[in-house]
Protein chains: 2
Amino acid sequence: MNAMNHNWAEASARPNAARPTLFRGLPRKDIRHLLNIFEEDRLADGDPLPRGRAEPPFVGLVLDGALREDVRTPQGGTRLFALTFAGEALSPLGPCHKGGRLSAMGDTRLLTCDRAVFDVLASSIPRLYMNLLGVMQDQITDAYRWQTLLGRKTATERVASMLTWFHARQGTPAELTLPLSRAELGEMSGLTLETVSRQFRNLQKAGVIALPRPRQVRVLDTETLIHLSGDAPLEHAA
Amino acid sequence: MNAMNHNWAEASARPNAARPTLFRGLPRKDIRHLLNIFEEDRLADGDPLPRGRAEPPFVGLVLDGALREDVRTPQGGTRLFALTFAGEALSPLGPCHKGGRLSAMGDTRLLTCDRAVFDVLASSIPRLYMNLLGVMQDQITDAYRWQTLLGRKTATERVASMLTWFHARQGTPAELTLPLSRAELGEMSGLTLETVSRQFRNLQKAGVIALPRPRQVRVLDTETLIHLSGDAPLEHAA
DNA sequence: CGAGCTATTGAGTAGTCTCAACAATTGTGG
DNA sequence: CCACAATTGTTGAGACTACTCAATAGCTCG
């Protein structure tokens, strides 16, 4: 196990405050109430999400650390499918279904709530339903991004995109710690580990990133990185 | 215009009867009520979905025909992104957002409902919320399938997969009419139109399908087609 | 320090794309 | 209904990207 006792909480100390999460827009009183009802789990690196009551949690919020979701392939193997960083939410739809499996990356704290409890809560705090839709909206948006990446992008663009996304989702720190090996990055982006490695080197040679260590990435030229990702079009294109 | 007296059951009888849709499990009385409240639109080929009240519809049900969703690419172009066949539902999350655009393929009838109305309806028929989750669940499952296709599959597997899906979603007719050109199939599957064409020919030469006309596909060997798609064979267990 | 990973690098290849010509199908006006 | 134009689909040759296989280098941790 690549324990990596690195503190993810620190890396993501500034979770996307702007991202609509489950508690968005609720009065302080309601939030306090919810925090009392939701269950808090603490997981160490690699721990699977406990499925206490025979079911995956209906919704969840990652407070610290990160979760990874591995899905089963038709061939019987398993592959890394998605990540949930601190400050992001688990929707009832994305994870676990289809034989997916959630586990912690680094020390992780999360709040969960099962379906029955959620329904009770939501009946007294209707806004919860709206926020739940927002959470799922985010998931679909993500899925769309990955579809674009996988369907239309070159290797360079894929790697640049992943770096950009991770960087942004961890709060654009000066130095980014990759939570994944080259092989895992490849699994997510539909590339081989060798190709991922080569692309990292190319970005390094081009002066876009520095790689003090294989998993430490310093983004030197955000502008160019985004440009290489093929995503953010400068308005005067076309 | 209200959705009066056409036979809802008929429209969805053929295609995926098992697929959980918005009205699943509701008493006849409630369904009749809903059909009165939902708006019915009739579109001709190519018509965009009217966005009456400045907003895309919150939920929709395709009764006849099909809808296509085109999204804007970062480069400013647009590309075919998803299809919704008769009997399937539009969730509030998938379509339209991100500058997507919905339009009809062939003569199409659909029922729509905006957010405010849906909330009112759902407060008197709580099961609607549950069904809505089911609809979104389907969308996420679809997104996952496409991610697998785009990320890990060869050209042959991609084309075989699309054929299998379309075939199943149209009720496994003896002869399937493709709603898309080779170029559009390529847009969805991340291939060029030439490669799509070549794969069709290969499947034909292998005796898996017949192509009486470019867009008419007779599936001769479902078994092999599914095998070539690289997906696990359908479980007839249940 | 060395074992066991993980990552890098290289050489050769397979599969898909690009570009280009051609064929088939569909649509249109006489 | 035919002739023709426009669109869509097919086929081929060559180029190029990313893959495979294989060897080497660099971390991490006992």
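Naming: A, B, ... by sequence-line order, numbering from 1 per chain. Quick caveat: nothing in here was measured; it's all calculated off a predicted structure.
- The closest side-chain donor-acceptor pair between B:Thr156 and B:Gln199 falls under 3.5 angstrom.
- Salt bridge status for B:Glu175 with B:Arg218: present, with a side-chain N to carboxylate O gap under 4.0 Å.
- Taking atom CD on A:Glu184 and atom C1' on C:dA7, their separation rounds to 13 Å, with Å as the unit.
- Between A:Thr195 and A:Thr192, the side chains place a donor N or O and an acceptor N or O closer than 3.5 Å (distance only, hydrogens not considered).
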B:Trp146 vs B:Trp165, ring pair (Phe, Tyr, Trp, His ring centres under 6.0 Å): CA-CA, chis, key distance, verdict:
CA-CA 11 Å; B:Trp146 282 105; B:Trp165 299 346; 5.0 Å; yes

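- Residue A:Thr192 places at least one side-chain N or O under 4.0 Å from the OP1 or OP2 atom of D:dC19.
- Heavy atoms of A:Arg198 sit under 4.0 angstrom from at least one base atom.
- Looking at A:Glu184 and A:Arg182, no side-chain N of the basic residue comes within less than 4.0 Å of a carboxylate O on the acidic one, giving no salt bridge.
- The CD-P distance, from B:Glu157 to C:dA14, rounds to 18 Å in whole Å.
- A:Lys205 places its NZ atom 11 Å from the P atom of C:dT8, with the value rounded to the nearest Å.
- Contact annotation: A:Thr195 side-chain N/O to D:dA18 OP1/OP2 distance is not under 4.0 Å.
- Across D:dT10, D:dT11, D:dG9, the shortest atom-to-atom separation from the side chain of B:Glu194 is found for D:dT11.
- Residue-level contact check: B:Leu191 touches the backbone only, with heavy atoms under 4.0 Å from sugar-phosphate atoms and none from bases.
- Across all strands, B:Gly186 comes closer than 4.0 Å to no nucleic acid atom at all (heavy-atom distances).
- Straight-line distance from the CZ atom of B:Arg158 to the P atom of C:dC17: 8 Å, rounded to whole Å.
- The distance between atom CG of A:Leu193 and atom C1' of D:dA18, rounded to the nearest whole Å, is 13 Å.
- Distance B:Arg215 CZ to D:dT8 P: 8 Å, rounded to the nearest Å.
- In this structure, CZ of B:Arg182 is placed 14 Å from C1' of D:dT7, rounded to the nearest angstrom.
- Between the P atom of C:dC5 and the CG atom of A:Leu180 lies a distance of 20 Å, rounded to the nearest Å.
- Residue order along DNA chain D, read from the 5' end via each residue's closest nucleotide, puts A:Gln199 first among A:Gln199 and A:Arg213.
- Proximity of B:Arg201 to the phosphate of D:dT10: a side-chain N or O atom is located under 4.0 Å from OP1 or OP2.
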